[in-house]
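Working notes for the structure below.
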Amino acid sequence: MWLFALIISARAEDAQLWFQLQQARYLMMEADELESSIDILNGIIAQSEPDDFIVAQAEYWKGRALYDLGFSDHARERLTVASNDYELRTLEEVEHHI
């Protein structure tokens, strides 16, 4: 029973992080909310293991937000970190061809 509760708790936490990612992406639609979006993305990155897939996603969207704010060098760094994740790169290639 203890293990089941732990698994349920972990899945709920994962779902919450994915919800936060979508919230950050939604906020990016408004130029005056870009910094709020970055704050959410930083929280996701801080709460996750470095090799979690959501970290690459958060880094990618953080790079996009930083670029929109005019921080092109810092944006490039974040996008490079995200592109080092092979799964993300493959996903982007698939989306690009659709």
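Computed over heavy atoms, backbone and side chain alike; hydrogens, waters and symmetry mates excluded.
Residues Ala56 and Ala82 come closest through the heavy atom pair O-CB, 3.5 Å. The two residues Ser37 and Ala24 come nearest to each other via the heavy atoms OG-O, 2.8 Å.
One hydrophobic cluster holds both Ile54 and Trp61 under the rule that ILVMFWY side chains link at heavy-atom gaps under 4.5 Å. Val81 and Val55 fall into different hydrophobic clusters, where Ile, Leu, Val, Met, Phe, Trp and Tyr residues are linked whenever their side-chain heavy atoms come under 4.5 Å apart, directly or through other members. Tracing side-chain contacts under 4.5 Å through hydrophobic residues (I, L, V, M, F, W, Y), one never reaches Leu66 starting from Tyr26; they form parts of separate clusters. Following chains of ILVMFWY side-chain contacts shorter than 4.5 Å, one cannot reach Leu41 starting from Tyr67, and the two form parts of different hydrophobic clusters.
Separation of atoms CG (Leu34) and CG (Leu69) is listed at 4.5 Å; rounding is to 0.5 Å. In this structure, the separation between OG on Ser36 and CE on Met28 is 12.5 Å, given to the nearest 0.5 Å. Taking CD from Gln23 and CD1 from Ile40, the interatomic distance works out to 4.0 Å, rounded to the nearest 0.5 Å. Atom-to-atom distance recorded for Phe71:CZ and Lys62:NZ is 11.5 Å, nearest 0.5 angstrom. Note that the CZ atom of Arg64 and the CZ atom of Arg25 stand 8.0 Å from one another [nearest 0.5 Å]. Between the CD1 atom in Ile45 and the CD1 atom in Ile38 there is a gap of 10.0 Å [rounded to 0.5 Å].
Formation of a donor-acceptor pair under 3.5 Å by the Ser48 side chain with backbone atoms of Ile44 is found in this model.
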